[in-house]
Every structure is written in C-alpha cells, then in structure tokens.
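Data block below; observations after.
Residue indices begin at 1 and follow the sequence shown. All figures in this text were calculated on a predicted structure; none of them were measured in a lab. Counting convention: from 1, in listed order, for ligands and their atoms alike.
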Amino acid sequence: MSELVKLTRQDDIAVVTIDNPPVNALSPGVPEGIVASIEAANKDPEVKAIVVIGGGSTFIAGADIREFGKMTSGEKPRIALTPKLLAIEDSVKPVVMAIHGTAFGGGLETAMAGHYRVIAPTAQVGQPEVNLGIIPGAAGTQRLPRLAGLAKAVEMCAFGAPISAKEAVAVGIADRMIEGDLLTGAVAFAKEVADKPAPKTRERNEKLGGVDPAVFATARDTAKKTKRGQPAALAAIDAVEAATKMSFEEGCAYEGKLFNECLFSTASKALIHAFFGERTVAKIPGIGKDTPVYDIKSAAVIGAGTMGGGIAMNYANAGIPVIIKETAQDALDRGMAVIKKNYANSVAKGRFSQAVMDQRMALITPQLTYDGFEKADIVVEAVFEGMALKKEIFGKLDEIAKPSCILASNTSTLSIDEIASATKRPEMVIGHHFFSPANVMRLLEVVRGKVTSNEVINTSMNLGKKLKKVAVLAGNCRGFIGNRMLHPYFREAQFLIEEGASVEEVNKTLFDFGWAMGPLAVSDLAGLDVGWRIRKEFRHLEKPGVRVPLVADMLCEHGRFGQKVSCGFSKYDENRKPMPNPETAEFAEQVAREHGIERRVVSKEEILDRCMYALINEGAKLLDEGIALRSVDIDIVYLNGYGFPAWRGGPMFYADTVGLAKVLARIEEFEKRHGSDLWSPAPLIQKLVAEGKTFGDRDKAA
Ligand code: T1G
C-alpha cells in the first residue's frame, strides 16, 4: 500500500485516507493507492462498504499540476487517471466519497467515480481546469452532466468557478450534507447504503436527454466574449455536449483528445506558469517562516479619495477595523458615499447580504482628526502624489503612531526612502501600492525601502493574502516594477502615432494581442493629466536631446484629459464608446513636422514589437538591478495589475515563448533606428541569449 494512502477500518466499514499534504493532489502513487485500498477492502469479507476521505484540511484538490510540465516537455508520458476511476466505480462494495475543503478537478472526478458523495457544509467542488488552460481529463465532462445535468456541467467545466456544498447537494452531485464530524457522518451513511446496489455514475443517463441546444450555444457565446485567447473553454463545452451524442466510453476518448490538445497549448503553459507564479511571489529569499510578523488588528487610512476609500474597504472586508481620515468634511462625505455605493452594488449583485454590508460599514470610522491613530497597527497614506505633502504626513505619524505601527504609503511613483527620511523609524516605512479600483484589483506592490525591516516586509506580504491580494515585493525606484516598465511601453505607443500609426491601430493591435485595453485607451481612462503632472514634476530628470513623446502634453495643454472629459487620444460618446479624435492626428503630424519625424505606414507587427519589447527590455533591467526578484514576479504584477492576458503568461514569459534571441535581435534593430538612449538592450537579455537560456531558467536558478 502507498505511504500516501492509508486503509483502516471502523466496524465493517473500510476507511481509505489520502495523506498527501498540503492539498492531497493526485501525485504519482495517490490514485494507485486509492485503487489498491478499495481492491483490498473488496477482498475483505468483513467489509460491507468503503469511505474515501482526505487527510488534513481538504479532499483531493486535483491532479498534481507539477506533473504537467514533465508531460509537455516529454520527460514523462501522460498517466491517464480514467482507468483508475473506472476501477473505483466498478467496486462491488459501495464507495462513499467524504468531501471537505475542496474537491477540485481530478478530485471531483474521483469523487464522482464513487457511488455516493457526502459533503461538509463549508466544502467546495469544482472543475477549475480551464483556469489552467485545460479541460477535465478524467471523465469529468462525462460524469458531471450525469449527476448535475448538462447546463450546470457546462457552466462548471467551461468557466471553472467552484460551487458550494449546499449547491452541490441541490444539483445532485452530493447525496447528503454532513453537519459535525465528517468521518463519523460518512461511516454512518456507508452503513445505511451497505446493502443497497452501488449506482455507477457512468450508467446514470437520465439527465442527458431532452436538453435545449441553446445551453451550449449561449455558453459558446459567453466563452468567446469572456475567455478570449483561451481555447479550453470552448473545448470543455464540446466535451460536455459529446455526452449527449456519444457513449460514455466514446465521450471519454473524445475528452482525452481535447485534453491533450489543450495541455500542449501555449495558453495552458502560460496559465500554469501564472498559477505557480502566484505562489512563488510570496516566497522572499532571506525572509522565512521564522521571520516574525506584526499582528495587524486595526488600521488607519489617510485620504478618502478613490484609492483611500478602496483601501479602507479591503481592511473592512477582511474584518479589520479601519479609521479613514480626511481634511475636509465634504471630501470625507464624498469618500464615504462612494464606499457605501460600492457595497450597495455588491449587495444588489447578490455577492453578499445587506447584513454583511452593514457589518463592513460599521468597521469603517470616518473622521477629520488623528484621534485613535496612536492605537493603529498600520497606517496607509493615500493622499495626492506630492513629496512635500507625504513627508509632512509621515513626520506627523512619526510623532503619534505607536513604535510597532507600520507606516505604509500608497504612492505609485515616489521614493519610499525619501518619504521614510521624514521619520526617525525608516525601518517601519514601506510602500503598499494598490491598484485602482483598490477594492477590486488583486495586485499589491509591496515596496521595500533601503532599511525597511524584514518583519515589516514579511507582515506586508502576509497582510496581502489576508486582504485577498496578490502581494509582489518590489525594490524602490521610480515607478517600482509596474509603472517603471509601463513608461517605455506608453512611450513607444505615443511615438508610433507621431510616426504615422493611428490611435485606433495601436489600441487594436495590443487589444488583439490580449490586453484588456490598448495603451492609449488606458491612458485616456486613467486621465492624461495624471501623467502630465508627473512629467512636469520630473522634467528636470529628462536627458537633454533624447526624444520624448509630445502629443499627450499637447492634448493636456488643450484640456483633453481623456475619458473624464470625453476627449483625449480618442473622443468618447455618452456611453464612453471611443471614436477617432482628429486633433490627436493633427498634433501628431505637427510634432512630426516640427521634429523631423518621418511619417509612414506602420505595420501591426512593428506596433506590437515596439510596445512589447520596450516593456520586456525594461523588465530585464529591473531584474538586473534587483528591483524585481524573479521574472515571474514581473509577470504576476502585469497579470494582476495591468490587464495583461493571463493566457500569455506575462511579459517575461511571453518573451521566452517568442525566444530571447529573436527579441534581442529586434531590440538591436530598434536601437539602430531610434538610438541607444531609448533602446539599449538590457545586459541580462544579452547574457541569457549568449548562454542559450531563458528568463524561466534564470528564475529556476535563483
Ligand atoms: N497540484 C500541485 N500542487 C498544488 C496543487 C495541485 N493541484 N494545488 C495546490 N498546490 C500547491 C501550491 O502550489 C502550494 O505550493 C500549496 O499546494 C498550497 O496551495 C485530471 C487535469 C486547493 C484552493 O486547479 O486552487 O485536476 O507554494 O497556496 O490558498 O481533470 O491551491 O506551498 O509550494 O494555493 O489554501 C485542478 C489548484 C488541477 C486546484 C488551496 N485543480 N489549487 O488554496 O493553498 S487539473 C486545481 C488551488 C486536474 C483533472 C485535471 C488551491 C486550493 P507551495 P495554495 P490555498
């Protein structure tokens, strides 16, 4: 019997316990151990029925995702799970699957191969494979519709969201909810069914008939809109639909074919990179589980503007009482009104109840004074992007906050070290850069200053998880990781319109690539005046004689600040639908005329490469400087903060898929044409190309 699966007995019930921490993944040895245990139980005359349960905090969370890389690299052949699940289903003695925590992917498929399923009230079940760019590969698309019906199966397999225990019972996946101890309840249930026939899910076809074909058509339309660039969602719909047309065996073979096609797709490799990336970024070299963390039980936010309000909501959502301070009553009222409206929208959409909203609102204390700040475990400053104001505030906090209070700034560009210099405790100062809307966007850029302590960094990374954010550690430089890389990306987008591309061509090219929005559309949404103000603040840092984009400044000088005034690079109608803005084209032609820039037809390929390679090149410089720890950190920043398509894996992963040699050659071409002040290749790219390595290889070696 494998170490990963244990077989015990409770009276005449065999208990098979999976013990493969942390999530009981179906690693090699686990499926084999389950089948061997069930076979042994069937041979034991004293055994009447069998319970399968997960050890630790969860049932099976799926196949072992780490094995996929070995399969796609040819290191290991794919070991099909389906035959093992058939062996479970063919058990003569009834098999009861006892589910707690999560039964995801291969975990739910294993549960459905059992004859009965009982479930703990807080458990979740799901087929989240599409989030990894694949589809269920162990008959999930064939057994799930037989238990839950076709519509529910399509929804779960094509869109990947888990369902609650209550819903699992309601739709027929689970047979009973077990309140109290799950094993006790499962053994009692097994005794009840011991003498009953063991119903095989694969033979339960009653829910496969009479389905409205619109179920599949509607799902395909939704998938085309919401799962752009991700073929797995459509493949999952095809596989579930096959259950209505093919036998179980034929359906499984068809599912297997689609599974393989998806598994070897770049989209799947990218999404699996993102899955593990989100876990890797939490690991900071030199800061381990033994590094102390401060206990954050209360918070205070300075500024009730768009960012301050969203940040306060994150704390309230996590159950942490939070003060929100403003300088004027009207500003405070406006901020609180936005918070209230945001919560009311969530209640209206059924995300949570009015009672939950009231609880969260009650945790937010609006005020105009610093009263209570002396008790706060963390203060987050979210005021206007001006160094003088921030230093004044941190100087004040230095006087009133308790010694163990973490002093965080939500600045998106300013130096954390300079802000910290306004205090006598710079080791307690750190950047907590949230992304707008802060209560929605998952990314939290945690910016360490030169002397920020490991305890403060570790606390911030853990706090990120508590606030349901993906925290990524960045070094202190202008724009940290995300905004620093965005600068050359936006620069090239603007240069391209000066050289002859239209705003629409630039936006569409990057949108088609997969970005949520094109660069000039993002600038219009964020407000051109934000960048204009920062450019004016840093004008003195610009190197004389080096080309800078000029159209945005001209638009701002004419008050064309973007969507908020219905006019920026593009014009916007009352429904915010973009239309060409002739002024932008005029300003671009004027800039070209005045600066001797040749106007020409610019290819889609050049638009994409100029924008993407500018981003990637800057990313490589960040890695060289240690501002970003790993290339995957950069990828996770862009996937969770900048609308970069997850199925492309992130800018650095994308560069590896293109091939660094090709990327370098193109950068060198641009350097020749546009000069090394703008396009000097990052030494890291040159080094990796010389060594025949990738960014991924560098991460593995880190
Ligand atoms: N395989 C391998 N490692 C896994 C894993 C998995 N399925 N799930 C989690 N881990 C690792 C993770 O990398 C981390 O490692 C640690 O476990 C804790 O995870 C045949 C083909 C279950 C909700 O997609 O959604 O089945 O960083 O930090 O926040 O049809 O993990 O500590 O080294 O996320 O408590 C389908 C994936 C697979 C579920 C727990 N299953 N996992 O969340 O912990 S495909 C999934 C999760 C499949 C079949 C197909 C979450 C979780 P480390 P964690 P958590």
Begin from the C-alpha positions of F435 and H433 and carry the test ring-ring contact (aromatic ring centres under 6.0 Å, His included) through to its verdict. CA-CA 7 Å; F435 287 72; H433 179 207; 4.2 Å; yes
When you look at Y654 and F644, which way does the ring-ring contact (aromatic ring centres under 6.0 Å, His included) test go after all the steps? CA-CA 11 Å; Y654 169 68; F644 192 94; 7.1 Å; no
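Of the protein's heavy atoms, K465 NZ, 4.1 Å lies nearest to atom 29 (O) of ligand 1. Closest to atom 33 (O) of ligand 1 among all protein heavy atoms lies K283 NZ, 3.3 Å. Given atom 2 (C) of ligand 1, the protein heavy atom at minimum distance is D64 OD1, 3.3 Å. Protein heavy atom nearest atom 30 (O) of ligand 1, with residue, atom name and distance: E109 OE1, 2.6 Å. For atom 7 (N) of ligand 1, the nearest protein heavy atom (residue, atom name, distance) is A63 O, 2.9 Å. Atom 40 (C) of ligand 1 has V23 CG1, 4.2 Å as its closest protein atom, hydrogens excluded (heavy atom only).
For the pair P285 and L629, the minimum side-chain heavy-atom distance is below 4.5 Å. Side-chain atoms of I320 and L363, non-hydrogen and from C-beta on, never get closer than 4.5 Å to each other. Looking at heavy atoms from C-beta onward, M177 lies in side-chain contact with K166 at the 4.5 angstrom threshold.
When distances from atom 27 (O) of ligand 1 to the protein are checked, a heavy atom turns up under 4.0 Å. The protein reaches atom 24 (O) of ligand 1 closely, with a heavy atom under 4.0 angstrom from it. Taking a distance limit of 4.0 Å, we find that atom 15 (O) of ligand 1 is approached by no protein heavy atom. In this structure, atom 53 (P) of ligand 1 has a protein heavy-atom contact shorter than 4.0 Å. Closer than 4.0 Å to atom 11 (C) of ligand 1 lies none of the heavy atoms of the protein.
Within the 4.0 Å heavy-atom criterion, neither part of N131 lies near ligand 1. In P128, the part holding a heavy atom less than 4.0 Å from any atom of ligand 1 is the side chain. The proximity of I65 to ligand 1, defined as any non-hydrogen pair under 4.0 Å, involves the side chain as well as the backbone. Looking at F59 against ligand 1, nothing comes within 4.0 Å, counting heavy atoms. With a 4.0 Å heavy-atom cut-off, ligand 1 is reached by the side chain of I134 but not by its N, CA, C or O.
Side-chain atoms of E445 never come within 3.5 Å of backbone atoms of F434 as a donor-acceptor pair (strictly under, hydrogens ignored). At least one donor-acceptor pair under 3.5 Å links the side chain of K6 to the backbone N or O of E3.
Each of V51, V96, I53 was checked for a side-chain contact (heavy atoms from CB on, under 4.5 Å) with V118, and the lone residue meeting it is V96.
Between E129 and ligand 1, an N or O atom pair is found at a separation short of 3.5 Å.
In this structure, Y116 has its ring center under 6.0 Å from that of F189. For F59 and H100, the distance between ring centers is not under 6.0 angstrom.
For ligand 1, the atoms lying closer than 4.0 Å to a non-hydrogen atom of G106 are 26 (O), 48 (C), 49 (C).
Counted within 6.0 Å of NZ on K297, heavy atoms from surrounding residues, nucleotides or ligands total 12 or fewer; the atom is thus considered open.
Residue contact annotation: P22 has a non-hydrogen atom under 4.0 Å from ligand 1.
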